[in-house]
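Predicted model, so just to flag it, every value in this text is computed and none were measured. Throughout, numbering of the chain's residues begins at 1 and tracks the sequence.
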Amino acid sequence: MSYNEIYADLKSKLTDDIKGNDTFLRREAERFARIGNMDGVKVAGELLVENMPEEELEEIKRITHLDGVGLDVVHKQITDLLEKHNAVDAKPIAERLYKKITVEFKETDKYKYVSTRNPFEDNLMQILFRQEKTLNRAPFDLAVYLTTYAYILTETGSPFDAIPVLRQAIEFNPVDCAPMFELAEVYKLLQNRKRLIEVTRDTIKIASSPVTLARCYANMGYALTDSGDFDDASGFYQASTMMYPHKMIPYEMRHLAQLKGSPLRRYTNEELTEIFARYEMKFGFNPEVLRVASELAAHYLGERNIPNALNALKMVYNMTRDDNIKNIILKYEPDADKHPLIPEEDNN
């Protein structure tokens, strides 16, 4: 069903009973969320707002607006300034947005807000980061908003102040790699090798694409080059190119060879395993991440929800390079092979 069809269908089922409508629409929103129908979630949310008594509507506007402007619009103002390389003017706006978020979406003894963006992140978070509290989905991508503020803090000379902001961003979405990578960049700047390795190890556990995993390995190569562990650094750079051949890695390896004073050699798989083990890591994806994507693909295929099934299948293919998975993708999307299934850029 299209957005308009869902809207007409739900609207026709509403009555004069405000409480009954509220219960019905919340149930529908949860149902649409389970099957990954974002149009349905959006329609149910809009109708919930339309159905609310005026005092409740005003309270929601108070929480979701800053000086009468939606928080998403405020964030867009900030990113527009950053695109113009104007971090100085963006900083006070981002700071006010940060304070608004920390007040209105504060964790309590009973519940916490999360800003996962899709069924995959929902399921992965529940498995890797089990919560005893009730989880409320925030109406905005708060992890992204806080990561933007942390970036501005770093760019304007306050990298230490960015660390707690990024930790909060990770709390809102612990399976989003973006704030993890930004935190890694802060630790690079501060030359804190221990923390850089720790955050990279944590990022590897949630990585769901070759590009992301390759970036993790490259960060390890950087950290170990900086500390003089040239042989291990070479191994991680080699692993990075095996996972995804980013154009900058050969330059990093050339620099490493110059520092080492001799050509870099190619390691066997057994040797790479030993190098990874020294840092409590394993080459490849976390099996739990692959399992979640595989189970989602099977679930959506069973539900005949092809768009969401394809999203999950492409994730599985990117992690496995399994031709059987690729053939299933091509069955439902014949021109998929005309576009790279493994993207050149990936924020996750």
Side-chain angles (χ1 to χ4, degrees), residues 1 26-42 44 112-138 141 143 170-178 180 201-216 243-244 281-334 336-337 339-343 346-348:
M1 295 174 68
R26 290 180 186 278
R27 187 170 63 246
E28 287 298 288
E30 291 174 359
R31 181 175 69 83
F32 283 122
R34 282 196 302 273
I35 64 175
N37 188 327
M38 293 302 105
D39 280 342
V41 173
K42 184 177 181 181
K112 68 178 295 185
Y113 284 95
V114 294
S115 56
T116 49
R117 299 165 292 190
N118 52 57
F120 170 76
E121 289 188 347
D122 286 340
N123 282 271
L124 186 60
M125 182 184 67
Q126 295 286 357
I127 290 173
L128 297 184
F129 303 94
R130 296 186 183 278
Q131 301 285 340
E132 297 298 327
K133 298 180 180 180
T134 299
L135 300 181
N136 292 334
R137 183 188 294 275
D141 196 339
I170 293 166
E171 281 294 314
F172 280 121
N173 188 351
V175 293
D176 180 2
C177 292
M180 309 281 277
R201 185 184 296 120
D202 290 340
T203 311
I204 288 172
K205 293 176 183 176
I206 62 172
S208 59
S209 79
V211 177
T212 301
L213 213 48
R215 184 173 174 180
C216 290
M243 188 57 62
Y244 182 81
M281 300 177 186
K282 293 181 180 179
F283 179 80
F285 295 94
N286 181 346
E288 290 291 344
V289 175
L290 178 57
R291 181 172 69 83
V292 169
S294 299
E295 290 180 353
L296 276 177
H299 168 75
Y300 286 129
L301 283 173
E303 295 286 325
R304 304 298 298 170
N305 186 334
I306 303 306
N308 278 312
L310 284 170
N311 288 337
L313 285 166
K314 289 176 182 178
M315 291 181 67
V316 175
Y317 175 73
N318 283 343
M319 286 187 273
T320 63
R321 314 291 175 88
D322 187 332
D323 284 339
N324 291 324
I325 300 298
K326 184 177 182 179
N327 290 335
I328 297 174
I329 294 171
L330 293 175
K331 175 182 177 182
Y332 293 102
E333 190 178 317
D337 58 348
H339 312 284
L341 291 178
I342 302 171
D346 189 342
N347 292 325
N348 189 40

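With values rounded to the nearest 0.5 angstrom, Met315 atom CE is found 13.0 Å from Ile325 atom CD1. Annotation: the span from Arg291 atom CZ to Leu124 atom CG amounts to 9.5 Å, rounded to 0.5 Å. With rounding to the nearest 0.5 Å, the separation of CG in Leu310 from NZ in Lys314 is 6.0 Å. For the atom pair CG of Asn308 and CG of Leu296, the computed distance is 8.5 Å after rounding to the nearest 0.5 Å. In this structure, Lys331 NZ and Leu301 CG are separated by 8.5 Å, a value rounded to the nearest 0.5 Å. To the nearest 0.5 Å, the span separating CG on Asp323 from CD1 on Ile328 amounts to 11.5 Å.
Listed here is the closest heavy atom pair of Glu288 and Leu128: CB-CD2, 4.0 Å. Residues Ala214 and Met243 share a closest heavy-atom pair of N-CG, 3.9 Å. Between Lys133 and Lys112, the closest heavy-atom pair is CB-N, 4.5 Å. Among all heavy-atom pairs drawn from Ala29 and Val41, the shortest one is O-CG2, 3.8 Å. Nearest heavy-atom pair, Val292 versus Phe120, reported as atom, atom and distance to 0.1 Å: CG1-CD1, 3.7 Å. The two residues Asn118 and Glu121 make their nearest non-hydrogen contact at OD1-N, 2.8 Å.
Between Phe129 and Val114, every side-chain heavy-atom pair lies at or beyond the 4.5 Å cut-off. Between Tyr300 and Leu313, every side-chain heavy-atom pair lies at or beyond the 4.5 Å cut-off. Counting heavy atoms from C-beta on, the side chains of Leu213 and Met319 never come closer than 4.5 Å. Counting heavy atoms from C-beta on, the side chains of Leu135 and Met125 come closer than 4.5 Å. Between Asp176 and Arg117, the closest side-chain pair of non-hydrogen atoms falls below 4.5 Å. Pro307 has its side chain within reach of Asn305: a pair of non-hydrogen atoms, C-beta onward, lies under 4.5 Å apart. For the pair Glu295 and Asn123, the minimum side-chain heavy-atom distance is 4.5 Å or more. In this structure, Asp322 and Val316 have side chains that are not in contact, with every pair of non-hydrogen atoms separated by 4.5 Å or more.
Side-chain N/O atoms of Asn173 and Ser115 include no donor and acceptor closer than 3.5 Å.
Between the Arg201 side chain and the Met281 main chain, no donor and acceptor come within less than 3.5 Å of each other. When atom types are taken as modelled, the side chain of Thr212 and the backbone of Ser208 share no donor-acceptor pair closer than 3.5 angstrom. When atom types are taken as modelled, the side chain of Asn286 and the backbone of Lys205 share a donor-acceptor pair closer than 3.5 angstrom.
Glu30 and Arg27 are not joined by a salt bridge, as no carboxylate oxygen comes within less than 4.0 angstrom of a charged side-chain nitrogen.
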